[in-house]
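Below you'll find the structure, written out as structure tokens, and then a few comments.
First the proteins, then the strands, lettered A, B, ... as listed; each starts at 1. Hydrogens, waters and symmetry mates are skipped; everything else that's a heavy atom, side chains included, is used.
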2 protein chains.
Amino acid sequence: MPRFTHPRLEDVPLDLALHALADPNRLGMVARLAATERLSCSDAAPCDSIPKSTLSNHLKLLRAAGLIETTQVGREMINTLRRSEFDGRFPGLLDAVLANNSG
Amino acid sequence: MPRFTHPRLEDVPLDLALHALADPNRLGMVARLAATERLSCSDAAPCDSIPKSTLSNHLKLLRAAGLIETTQVGREMINTLRRSEFDGRFPGLLDAVLANNSG
DNA sequence: GCATACAGTTCAATATTCCCGAACTATTAA
DNA sequence: TTAATAGTTCGGGAATATTGAACTGTATGC
């Protein structure tokens with residue numbers, strides 16, 4: 001099974017981070033993770049209608065951007081925000097984005 | 001000649017703004033405009049090698065995101081940042097992005 | 001005036017990226 | 001060991017992005 005690779009935050013370029021956040025579905029998931037600590041993939045989904053493969057791709061992108069960490073627990077993949085690491089790499093960015101979300 | 005349409009900032013969704021900033025070329029142009037006040041299209045270009053049509057498209061996208069205003073002066077198109085308007089719509093966002101640029 | 005250069009846009013074709021159904025893998029439950 | 005669950009990967013069509021070529025409108029030179 002996939003043991004995911006998580007990038008070091010210093011290797012994440014700003015463009016990639018912004019691109020990851022520049023999508024309503026992904027941003028919604030990040031916002032949810034910011035409020036909820038730990039979520040399985042399906043629980044992190046922004047809505048019921050989104051296909052599994054699409055959801056999986058979004059989460060892969062969020063991983064690549066250094067925004068989330070995914071670990072396997074049983075048959076679930078548990079996702080958490082890499083909040084402090086991300087904030088260390090891009091100070092103030094996530095706060096600003098989340099503060100302007102759904103406003 | 002094209003008299004450009006500039007959106008009201010309240011009509012700009014966050015995704016669109018982030019998408020506009022999530023590109024090295026466009027972000028470079030925004031950073032330059034933040035430092036330079038007024039720039040023609042070619043002066044705003046992030047490098048010499050970028051084709052004119054690509055540059056024109058990037059600027060169109062920045063306009064659609066409410067980030068820049070373009071007005072014709074003679075045969076040049078002069079671009080300026082809509083800084084205060086953008087900041088009013090998305091407080092702290094542009095500051096955070098620019099502060100994390102080229103770091 | 002008329003031709004030429006210039007600044008940038010628009011168009012259309014190519015190249016890239018994204019989305020999602022279908023098939024697959026691994027883990028748990030019966 | 002069979003079936004169900006949770007999610008990944010693959011592949012092809014849809015949507016976007018890039019860019020050369022043709023075009024528009026403005027200024028300059030003769």
Would you indicate which nucleotide in [options] comes nearest to any side-chain atom of [X]?
X	options	answer
T54(B)	dG7(D), dA6(D), dT19(D)	dT19(D)
N57(A)	dC20(C), dT26(D), dG8(C)	dC20(C)
H58(B)	dC20(C), dT18(D), dG8(C)	dT18(D)
K60(B)	dT19(D), dT18(D), dT10(C)	dT10(C)

Q | Strand-adjacent residues in residues 12-25 of chain B, judged by heavy atoms under 4.0 Å from DNA chain C | A | none

Rounded distance in Å - [atom1] ([X]) to [atom2] ([N]):
X	N	atom1	atom2	value
Q72(B)	dC6(C)	CD	P	18 Å
K52(A)	dT9(D)	NZ	C1'	12 Å
E76(A)	dT27(C)	CD	C1'	11 Å
L39(A)	dG7(D)	CG	C1'	15 Å
F4(B)	dA7(C)	CZ	C1'	11 Å
L61(A)	dT17(C)	CG	C1'	11 Å
L55(B)	dA17(D)	CG	C1'	14 Å
L62(A)	dG7(D)	CG	P	15 Å

Q.
Regarding S42(A), tell me which of base, sugar-phosphate or nothing describes its non-hydrogen contacts under 4.0 Å with the strands shown.
A. sugar-phosphate

Q: Determine, using the 4.5 Å side-chain heavy-atom cutoff (strictly less than), whether V97(A) and L98(B) are members of one ILVMFWY cluster.
A: yes

(Q) So, under a plain 3.5 Å distance rule, would you say the side chain of S56(A) forms a donor-acceptor pair with the base of dG7(D)? (A) no

Q) Given that R75(A) and P51(A) both sit by DNA chain C, which one's nearest nucleotide is further toward the 5' end? A) P51(A)

**Q.** First of L59(B) and S53(A) reached from the 5' end of DNA chain C, by closest nucleotide
**A.** L59(B)

Q | Worked verdict on T70(B) versus L59(B) for side chain to side chain contact (heavy atoms under 4.5 Å, CB included) | A | CA-CA 9 Å; T70(B) 308; L59(B) 290 166; 5.8 Å; no

Q | Considering all heavy atoms, the nearest P7(B)-R82(B) contact | A | O-NH1, 2.9 Å

